[in-house]
S.K.: 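One structure, as C-alpha cells, below. Some questions next.
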Amino acid sequence: MNYNYPDDSLMLHTDLYQINMMKTYWELERANRHAVFECYFRSMPFKNGYAVFAGLERLIDYFENLRFTASDLAYLKEVEEYPEDFIAYLADFKFECTVRSAVEGELVYNNEPIVQIEGPLAQCQLVETALLNIINYQTLIATKAARIKSVVGDELLMEFGSRRAQEMDAAIWGTRAAYIGGCDSTSNVRAGKIFGIPTSGTHAHSLVQSYIDDYKAFKAYAETHRDCVFLVDTYDTLKSGVPNAIKVANEMGDKINFMGVRIDSGDMAYISKKVRKQLDEAGYPEAKIYASNDLDEATILNLKMQHAKIDVWGVGTKLITAFDQPALGAVYKLVSIEDDSGQMVDTIKLSNNAEKVSTPGKKQVWRITQKETQKSEGDYIALWDENPNDLEELFMFHPVHTYINKTVVNFEARPILQDIYHDGQLIYTLPALEEIKKVANQNHDNLWEEYKRDLNPQLYPVDLSQAAYDNKMKIIDQVRKKVKEL
Ligand SMILES: Nc1ncnc2c1ncn2[C@@H]1O[C@H](COP(=O)(O)OP(=O)(O)OP(=O)(O)O)[C@@H](O)[C@H]1O
Ligand SMILES: O=P(O)(O)OC[C@H]1O[C@H](OP(=O)(O)OP(=O)(O)O)[C@H](O)[C@@H]1O
Ligand SMILES: O=C(O)c1cccnc1
C-alpha cells in the first residue's frame, strides 16, 4: 500500500465533488467570480447551552500549505482522468481568499456564522471539506470537555482518550481541543511535545499483572519514579491494592512523592469512601484518589451526588469520541455571489425543513453584552454593512418566533468573526494555547448561569437584525416566484 508520498499534501483531502465543481467553474469561466461562504451548525451539541469554538490553528495550517503537489496532480490526471489544461490550472492554484473566523476558545451558538470564506468561487469551494472536517470535530470535543469540566469544577480533569479516539489525528487534535475546553492535562505525550499541554499519568494493570503482586509492582514503580500514583484495583482494591500502596509509601518515605491511588472499577462512590478512610488512617490525608472507567459528565455528577471521595478524574472514551453525539453537523453555505454584471447577489438554500433554510448575505455576528454586568444578552447577526454600536437601543427578536423580542440599551456589541486572512495573506497571530484556554475560561465565566447548566439550559438568543431578516424574506419570496414561473 503506497500511502507514503514524499510530497503528500492535504489538497486532496476534499470530496471529489468539490473538484468536479471547480472544473465546471473553471471551464465556464466562473472560477474567479467573487463568492462568500459561511460555516455554521444548526443545533447545539449535546443540547448544551453553548459551544466552544476550536480548530482555527489547524485550519490556518491547512491554508498555509494549500498547493497541489506533483503527486496530487499526477493522481488527478492519471487516476481521476482530469484533462491536461485543468491540471495546469490546478498547478497554479494559490490561496487568495479572505477568511474571518471566531477565535479559538470563543463561545459560539447554533445558526450563526463561525467561519466565513470570501474570494474566488472555485477556491472557496475546494476548502469546504477540510474546513468542516476540522471545525466539526474540534469544536465538538472542546464543547464536550467544557461540559465535563463544568461538573468536575476545581478538581483536576485528565484526558485519557488516545487509545479510543477515532485514529491518531483525532487523538492529537482532540486532545488539544479538550485542553481548550477544560481538561487540565493529557496522557498523550506527543500532544505534550507538539502543543505544550501538561502531561500526566499513572500506570496500568499490566504493571501489576507482570509482577503478579500489588506490593512488588508498586515497590518496583516507587524505586524507579519519584511521583507515584498506584493503580489499586487489579486484584482487590480494599484488601490488597490500598494496603500495599500504603506499605510501599511507608517503606519509601521521602524517597517518593506518594501522590495517591487510582481506582478503575467497581462502585466508585462506595470504594472511594473506604479508600479515603484507609489513606487517612494510615497518615496520608494529602494522598489523592484518582478515578477512571467510562466516566463522563453524567457519571461524574452522579458520583459527586453520592459524595464519592474522588479528587482527580481521568476521562477517555466518552470525551475523545464525543460518545453521546459523534458529529457537530456544521455546514458550509454560499451566501453571496457575483452575478453576470459584476454585482454581488445574496443566495439562499431553501428546504422543506424550516431549520435547513440558510440565511442569505455576508454577515457579522455581534455579541451583545450589558455594560454593567459584562454578561451576554445574546448574539445579533447583522448584514456586513451594519454595526449595532451605532445604535442607542437594539431591538432583538427571535428569527422564527418574531413575537419573542426585547429592546436592549446600554450595551456593547463585539464582533465574533475576526480577520484571519486578507486576500490569501495571513494577518492573524495565533495566541499561545495557554492564552486560548484562559480566554475560553473567561468567556465561560461571563455567561449567565442559565445557559451553563448541563441539563435543559436556557436557549441562548441568536437573533437576526431587521435588515438580515427582511433580506432573507425578500429572497425567499424571489425564489418562490421564480419556481412558480417555471
Ligand atoms: N457509584 C456509582 N454510581 C454511578 N456510576 C458508577 C458508580 N461507580 C461506578 N460507576 C460507573 O458505572 C460503570 C460501570 O462500572 P462497573 O463497575 O461495571 O465497571 P467495571 O467493574 O470496571 O467493569 P469493566 O471492568 O468491564 O469496566 C462505569 O461507567 C463507572 O464509571
Ligand atoms: O474508561 P475511559 O474513560 O476510556 O478511560 C481510559 C481507560 O483506559 C484504561 O483502561 P484500559 O484501556 O486498560 O481498559 P479497561 O479499563 O476497560 O480494561 C484506563 O484504566 C481507563 O479505564
Ligand atoms: O495514566 C493513566 O492512568 C491512564 C492513561 C491512559 C488511559 N488510562 C489511564
Side-chain angles (χ1 to χ4, degrees), residues 141 144-145 147-149 151-152 155-168 170-172 174-175 178-179 181-192 197-210 214 217-218 221-222 224-241 245 257-276 287-324 326 454-455:
I141 301 303
K144 183 70 177 169
R147 275 175 72 75
I148 299 173
K149 182 64 176 172
V151 174
V152 164
E155 291 153 11
L156 288 181
L157 174 60
M158 307 197 295
E159 189 282 315
F160 277 176
S162 289
R163 63 192 57 209
R164 305 274 155 62
Q166 327 296 30
E167 260 276 15
M168 289 189 175
I172 287 294
T175 293
Y179 187 62
C183 284
D184 297 293
S185 68
T186 178
S187 60
N188 187 303
V189 186
R190 185 160 163 253
I197 300 173
T199 54
S200 63
T202 69
H203 67 78
H205 295 109
S206 50
L207 181 90
V208 179
Q209 287 170 272
S210 76
D214 277 320
F218 299 161
Y221 195 85
T224 49
H225 294 274
R226 173 136 185 88
D227 290 338
C228 293
V229 179
F230 301 123
L231 174 60
V232 288
D233 71 340
T234 308
Y235 300 126
D236 188 310
T237 304
L238 301 176
K239 291 199 183 120
S240 172
N257 173 20
F258 178 42
M259 293 170 67
V261 299
R262 174 162 74 97
I263 44 184
D264 190 46
S265 58
D267 181 333
M268 290 203 269
Y270 173 80
I271 291 176
S272 65
K273 289 176 204 169
K274 293 275 183 197
V275 171
R276 181 74 271 155
K288 305 260 184 273
I289 300 178
Y290 294 60
S292 53
N293 187 19
D294 266 337
L295 295 171
D296 63 6
E297 64 274 38
T299 35
I300 295 173
L301 185 66
N302 207 279
L303 285 164
K304 283 184 172 242
M305 276 170 53
Q306 298 167 63
H307 308 291
K309 297 283 185 196
I310 294 167
D311 309 289
V312 184
W313 306 84
V315 181
T317 312
K318 292 196 169 157
L319 165 59
I320 209 72
T321 64
F323 203 75
D324 44 339
D454 228 37
L455 189 65

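These numbers were taken from a predicted model, which means no experiment stands behind them. Atoms within each ligand, like the ligands themselves, are counted from 1 in listed order.
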S.K.: Pairs of nitrogen or oxygen atoms closer than 3.5 Å, one from D267 and one from ligand 1: do any exist?
M.R.: yes
S.K.: Have T299 and D296 got a donor and an acceptor in their side chains that come within less than 3.5 Å?
M.R.: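 The answer is yes; a qualifying pair exists.
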S.K.: To the nearest 0.5 Å, tell me how far I310 CD1 sits from K288 NZ.
M.R.: 13.5 Å
S.K.: Which residue holds the protein heavy atom closest to atom 17 (O) of ligand 1, what is that atom called, and what is the gap in Å?
M.R.: G266 N, 3.4 Å
S.K.: For the residue pair S265 and M268, what are the closest heavy atoms and their distance?
M.R.: O-CG, 4.0 Å
S.K.: Search all heavy atoms of L238 against all heavy atoms of I271 and return the closest pair with its distance.
M.R.: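 Scanning both residues, the minimum pair turns out to be CD2-O, 4.2 Å.
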S.K.: Can you find a protein heavy atom under 4.0 Å from atom 1 (O) of ligand 2?
M.R.: yes
S.K.: I want to confirm something. Looking only at heavy atoms, which of L231, L295, T202, D264 is nearest to atom 22 (O) of ligand 2?
M.R.: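 Heavy atom nearest to atom 22 (O) of ligand 2 belongs to D264.
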S.K.: Testing the 3.5 Å rule here: is there a donor-acceptor pair between the side chains of D264 and N293?
M.R.: no
S.K.: So which of R147, K144, K318 actually passes side chain to side chain donor-acceptor pair (under 3.5 Å) with D324?
M.R.: K144
S.K.: Does R163 reach ligand 2, in the sense of a heavy atom lying below 4.0 Å from it?
M.R.: yes
S.K.: Check ligand 1 against L295 and write out every atom of the ligand that is under 4.0 Å from a heavy-atom position of the residue.
M.R.: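 Every atom of ligand 1 under 4.0 Å from some heavy atom of L295: 31 (O).
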S.K.: Look at atom 5 (O) of ligand 2 and find which of G161, A291, A165, G316 reaches it with the closest heavy atom.
M.R.: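 Result: the heavy atom closest to atom 5 (O) of ligand 2 is in G316.
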S.K.: Give the minimum heavy-atom separation between A222 and F230, together with the two atoms involved.
M.R.: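 Nearest heavy atoms, A222 then F230: CB-CZ, 4.2 Å.
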S.K.: List the residues meeting ring pair (Phe, Tyr, Trp, His ring centres under 6.0 Å) with H205, not counting sequence neighbours, and say none if there are none.
M.R.: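 For H205, no residue satisfies ring pair (Phe, Tyr, Trp, His ring centres under 6.0 Å) once neighbours in sequence are set aside.
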S.K.: Could you list the atoms of ligand 2 found under 4.0 angstrom from a heavy atom of T317?
M.R.: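 Per the distance check, 2 (P), 3 (O), 4 (O).
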S.K.: Tell me which protein heavy atom sits closest to atom 5 (N) of ligand 1, plus the residue, atom name and distance to 0.1 Å.
M.R.: T299 CG2, 4.1 Å
S.K.: Which atoms of ligand 3 are found less than 4.0 Å from any heavy atom of R262?
M.R.: 3 (O), 9 (C)
S.K.: Counting non-hydrogen protein atoms only, what is the nearest one to atom 7 (C) of ligand 1? Give residue, atom name and distance.
M.R.: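 Ranked first by proximity to atom 7 (C) of ligand 1 is L303 CD2, 3.7 Å.
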S.K.: Testing the basics here: between A171 and N188, what is the closest heavy-atom pair and its distance to 0.1 Å?
M.R.: CB-ND2, 4.3 Å
S.K.: What are the atoms of ligand 1, with element, lying closer than 4.0 Å to any heavy atom of D294?
M.R.: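 What qualifies from ligand 1 is 29 (O).
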S.K.: Determine the minimum heavy-atom distance between I141 and I320, stating which atoms define it.
M.R.: CD1-O, 3.4 Å
S.K.: For atom 21 (O) of ligand 1, state whether the nearest protein heavy atom is under 4.0 Å away.
M.R.: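 Within 4.0 Å: yes, protein heavy atom nearby.
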S.K.: Starting from atom 27 (O) of ligand 1, find the nearest protein heavy-atom neighbour and note its residue, name and distance.
M.R.: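 Nearest neighbour among protein heavy atoms for atom 27 (O) of ligand 1, to 0.1 Å: N293 OD1, 3.3 Å.
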S.K.: Any idea which atoms of ligand 3 are less than 4.0 Å away from a heavy-atom of R163?
M.R.: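 Heavy-atom distances to R163 below 4.0 Å select 6 (C), 7 (C).
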S.K.: Please verify whether a non-hydrogen atom of M158 lies at under 4.0 Å from ligand 3.
M.R.: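 For ligand 3, residue contact (heavy atoms, under 4.0 Å) with M158 is absent.
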S.K.: Which of the atoms in ligand 2, numbered in the order shown and given with their element, are less than 4.0 Å from a heavy-atom of D294?
M.R.: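 Once the distances to D294 are compared, the set is 1 (O), 2 (P), 3 (O).
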S.K.: Using side-chain contact (heavy atoms from CB on, under 4.5 Å), reason through Q306 and Y270 one step at a time and then give a plain yes or no.
M.R.: CA-CA 9 Å; Q306 298 167 63; Y270 173 80; over 6 Å; no
S.K.: Would you say the side-chain atoms of H203 pair up with the backbone N or O of L231, donor to acceptor, closer than 3.5 Å?
M.R.: yes
S.K.: Answer with yes or no whether the side chains of R262 and S292 bring together a donor and an acceptor at under 3.5 Å.
M.R.: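 Side chains of S292 and R262: pair found under 3.5 Å.
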S.K.: Is it true that D264 lies under 4.0 Å from ligand 1, counting heavy atoms only?
M.R.: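 D264 counts as a contact of ligand 1 under the 4.0 Å cut-off.
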S.K.: Of all the non-hydrogen atoms in the protein, which one sits nearest to atom 7 (C) of ligand 2, and at what distance?
M.R.: R164 NH1, 4.0 Å
S.K.: For D214 and S240, test the side chains for any donor-to-acceptor distance below 3.5 angstrom and give the result as yes or no.
M.R.: yes
S.K.: Is K318 touching ligand 2 with its side chain, its backbone, both, or neither, if touching means heavy atoms under 4.0 Å apart?
M.R.: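 It is neither; nothing of K318 touches ligand 2.
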S.K.: T202 and Y221: which non-hydrogen atoms are nearest, and at how many Å?
M.R.: O-OH, 3.6 Å
S.K.: Which of the numbered atoms in ligand 1 are under 4.0 angstrom from any heavy atom belonging to S265?
M.R.: 20 (P), 21 (O), 22 (O)
S.K.: Determine, considering heavy atoms only, which of Q306, M268, K318 sits nearest to atom 4 (C) of ligand 1.
M.R.: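 Answer by nearest heavy atom: Q306.
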S.K.: Using a distance threshold of 4.0 Å (strictly less than), state whether atom 15 (P) of ligand 2 has a protein heavy-atom neighbour.
M.R.: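 Looking at atom 15 (P) of ligand 2, one finds that no protein heavy atom lies closer than 4.0 Å.
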S.K.: Going by the order shown, which atoms of ligand 3 are within less than 4.0 Å of some heavy atom of G201?
M.R.: 1 (O)
S.K.: Specify the protein heavy atom at minimum distance from atom 8 (N) of ligand 3: its residue, its atom name, and the distance to 0.1 Å.
M.R.: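 Atom 8 (N) of ligand 3 sits closest to the protein heavy atom F160 CD1, 3.6 Å.
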S.K.: If you count the atoms of ligand 1 from 1 in the order shown, which ones are under 4.0 Å from a heavy atom of A269?
M.R.: 1 (N)
S.K.: Can you tell whether the side chains of R276 and D311 come within less than 4.0 Å, N to carboxylate O?
M.R.: yes
S.K.: Going by the rule salt bridge (charged side-chain N to carboxylate O under 4.0 Å, His left out), which residues pair with K304 if we only count those two or more places apart in sequence or in a different chain?
M.R.: E155
S.K.: Which residue supplies the protein heavy atom nearest to atom 3 (O) of ligand 3, what is that atom called, and how far is it?
M.R.: T202 OG1, 2.5 Å
S.K.: Report the part of R262 (side chain from C-beta onward, or backbone N, CA, C, O) that has a heavy atom under 4.0 Å from ligand 2; answer both or neither where that applies.
M.R.: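 It is the side chain that touches ligand 2; the backbone stays farther off.
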S.K.: Mark whether atom 13 (C) of ligand 1 lies under 4.0 angstrom from at least one protein heavy atom.
M.R.: no
